Amino acid sequence: MKLGVIGVGHLAVAMLHGLLRAGHAPRSIMLSPRGQGRHLAQTRDFALAQDNAQIVAECDLVLLAVRPDDAPGAVRGLPWRSGQVLLSACAGVPIAALEAGPAQVMRIMPITASKLGASPTLAFPDLPEARALLDAIGTTIALRSEDEFEAATVSAAMYGWAQALIRTGANWTAAHGIDADDARQLVARTFTAAGRMIAEEDAPMDEILDSLCTPGGITRQGIDHLEDKAVPEAWEGACDAILARLRG
């Protein structure tokens, strides 16, 4: 299937690099001329469309990755046809707001780790026509409803918060005499290891954490300090704020 991309910004570029990494041919992907589309067509040999109408006319899958406020207008009036799938990566924009005629609309929420083939990509509804594309940039997590999808989208914000925590930990470690590059690798890979344990072990999350929190140990001491400072409540409050905005 030929993929077209409307809105070639930061997220779309990460996805494109991930698709190339997975072996997709650049000429099987057509980019809109706005954003970084023209530059990528010149440097990476992607096909370049004259406009969005050409993308819809020639492509089977169309990725929409524009600013959420611009999403409805970006798809309105284009020559959509039966058998096409519009993949909307626009946070907070419901399916009902996207006028794609007879085409099917699928909401997705990848993250920039798509570039590494490591994006846990949210999807609703789960359309088989798009699965191969999404699986090429990571792991597809299909949701059962649009309401579930909206709540799960908060994880895309958590992705940035986790990077902020890694930066804080790496800077603190470097400030105590560790080489800055070593500190960065140590803290980043520690977070990766923590995530893999939660994702890949079958034991309940509380059990996995409790196995680390021996009485009087350093893990327990640190968690007690964070809880005393109401860090978990602050994290949940940030999640609530993002979800309210997405549903707003």
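What you see below is based on every heavy atom in this structure, not just the backbone, and it leaves out hydrogens, waters and symmetry mates. Keep in mind the model is a prediction, meaning the values are calculated, not measured.
Heavy-atom minimum distance, W80 versus A100: CB-O, 3.1 Å. Residues L116 and R21 share a closest heavy-atom pair of O-NH1, 3.0 Å. Nearest heavy-atom pair across L48 and P33 is CD1-CA, 3.8 Å. Of all the heavy atoms in P68 and C90, the pair that sits closest is CA-CB, 4.3 Å. The two residues A170 and A183 have their closest heavy-atom pair at O-CB, 3.6 Å. Of all heavy-atom pairs between A14 and T112, the closest is CB-O, 3.6 Å.
Atom-to-atom distance recorded for L122:CG and E150:CD is 10.5 Å, nearest 0.5 angstrom. Atoms CG and CG, on D181 and L186 in that order, are 12.5 Å from each other to the nearest 0.5 Å. The CZ atom of R184 lies 10.0 Å from the CG atom of N171; values are rounded to the nearest 0.5 Å. Taken from CG in L20 to CZ in R44, the straight-line distance is 5.0 Å, to the nearest 0.5 Å. Within the model, atoms CD1 of I208 and CD of E200 stand 10.5 Å from one another, a figure rounded to the nearest 0.5 Å. Taking NE2 of H24 as the reference point, atom CZ of F46 lies at 11.0 Å (rounded to 0.5 Å).
No side-chain heavy atom of T139 sits under 4.5 Å from any side-chain heavy atom of S119. Residues W161 and S155 form no side-chain contact, since every pair of their non-hydrogen atoms from C-beta on lies 4.5 Å or further apart. Residues V93 and L98 meet the side-chain proximity criterion, which asks for heavy atoms closer than 4.5 Å. Proximity of I108 to P110: side-chain heavy atoms (C-beta onward) are separated by under 4.5 Å at one or more points. At least one side-chain heavy atom of I242 sits less than 4.5 Å from a side-chain heavy atom of L246. Looking at V62 and V85, their side chains never come closer than 4.5 Å, going by heavy atoms from C-beta outward. A heavy-atom distance below 4.5 Å is found between the side chains of P120 and I111. In this structure, P232 and E227 have side chains that are in contact, with non-hydrogen atoms separated by less than 4.5 Å.
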Is there a side-chain contact (heavy atoms from CB on, under 4.5 Å) between E58 and M30 once you walk through the steps? CA-CA 9 Å; E58 298 186 17; M30 179 177 286; 3.2 Å; yes

Using the salt bridge (charged side-chain N to carboxylate O under 4.0 Å, His left out) rule, take D51 and R34 through it: C-alpha gap first, then chi angles, then the decisive distance, then the call. CA-CA 9 Å; D51 52 29; R34 300 186 64 181; over 6 Å; no

Is there a side-chain contact (heavy atoms from CB on, under 4.5 Å) between V13 and L40? Walk through the geometry before answering. CA-CA 9 Å; V13 170; L40 286 173; 3.8 Å; yes

Would L63 and I6 count as a side-chain contact (heavy atoms from CB on, under 4.5 Å) here? Give the steps. CA-CA 6 Å; L63 170 65; I6 297 176; over 6 Å; no

For M106 and S88, run side-chain contact (heavy atoms from CB on, under 4.5 Å): C-alpha distance rounded to whole Å, both residues' side-chain angles, the deciding distance at 0.1 Å, then the answer. CA-CA 6 Å; M106 180 180 186; S88 172; over 6 Å; no

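Tracing side-chain contacts under 4.5 Å through hydrophobic residues (I, L, V, M, F, W, Y), one never reaches L86 starting from V8; they form parts of separate clusters. Hydrophobic clustering (ILVMFWY, side-chain heavy atoms < 4.5 Å, transitive): L3 and L31 are in one cluster. M1 is connected to L127 through a chain of hydrophobic side-chain contacts under 4.5 Å among Ile, Leu, Val, Met, Phe, Trp and Tyr, so both are in one cluster. L87 and F124 fall into different hydrophobic clusters, where Ile, Leu, Val, Met, Phe, Trp and Tyr are joined by side-chain heavy atoms under 4.5 Å apart, directly or via other members. Each of I55 and L16 belongs to its own hydrophobic cluster when Ile, Leu, Val, Met, Phe, Trp and Tyr are linked at side-chain heavy-atom distances under 4.5 angstrom.
No salt bridge links R245 with D240; every basic N to acidic carboxylate O contact stays at or beyond 4.0 Å. A salt bridge is defined here as a Lys NZ or Arg NE, NH1 or NH2 lying under 4.0 Å from an Asp or Glu carboxylate O, and D126 with R144 fails to meet this definition. Salt bridge R196/E201: absent, no basic N to carboxylate O contact under 4.0 Å. Salt bridge present: R76 and E99 bring a charged side-chain N and a carboxylate O closer than 4.0 Å.
Summarising the local packing, CD of E233 is surrounded by more than 12 heavy atoms from other residues, nucleotides or ligands at distances under 6.0 Å. For R189, the CZ atom sits in a loose shell: 12 or fewer heavy atoms of surrounding residues, nucleotides or ligands are nearer than 6.0 Å.
In this structure a side-chain-to-backbone donor-acceptor pair under 3.5 Å is present from R81 to V56. Using a distance-only test at 3.5 Å, with no hydrogens or angles considered, a donor-acceptor pair links the side chain of D60 to the main chain of K2. With hydrogens and angles disregarded, no donor-acceptor distance shorter than 3.5 Å links the side chain of R107 to the backbone of F149. Remark: side-chain polar atoms of E146 are paired, donor with acceptor, to backbone N or O of I95 under 3.5 angstrom. Under a 3.5 Å cut-off, the side chain of T173 and the backbone N or O of G169 do form a donor-acceptor pair. Judged purely by atom type and a 3.5 angstrom limit, Q54 uses its side chain to pair as donor or acceptor with the backbone of Q50. Remark: the backbone N or O of Q221 is not paired with any side-chain donor or acceptor of H225 at under 3.5 angstrom. In this structure, S32 contributes its side chain and G7 its backbone to a donor-acceptor pair below 3.5 Å. In terms of modelled atom types and a separation under 3.5 Å, the side chain of S145 and the main chain of E148 share a donor-acceptor contact. Put simply, the side chain of Q104 never gets that close to the backbone of Q84: no donor and acceptor are under 3.5 Å apart.
With I223 as the fixed residue, the side-chain contact (heavy atoms from CB on, under 4.5 Å) test singles out one of I218, V231, L209: L209.
Contacts of R67 classified as side-chain hydrogen bond (donor to acceptor under 3.5 Å, both in side chains), with partners at least two apart in sequence or in another chain: none.
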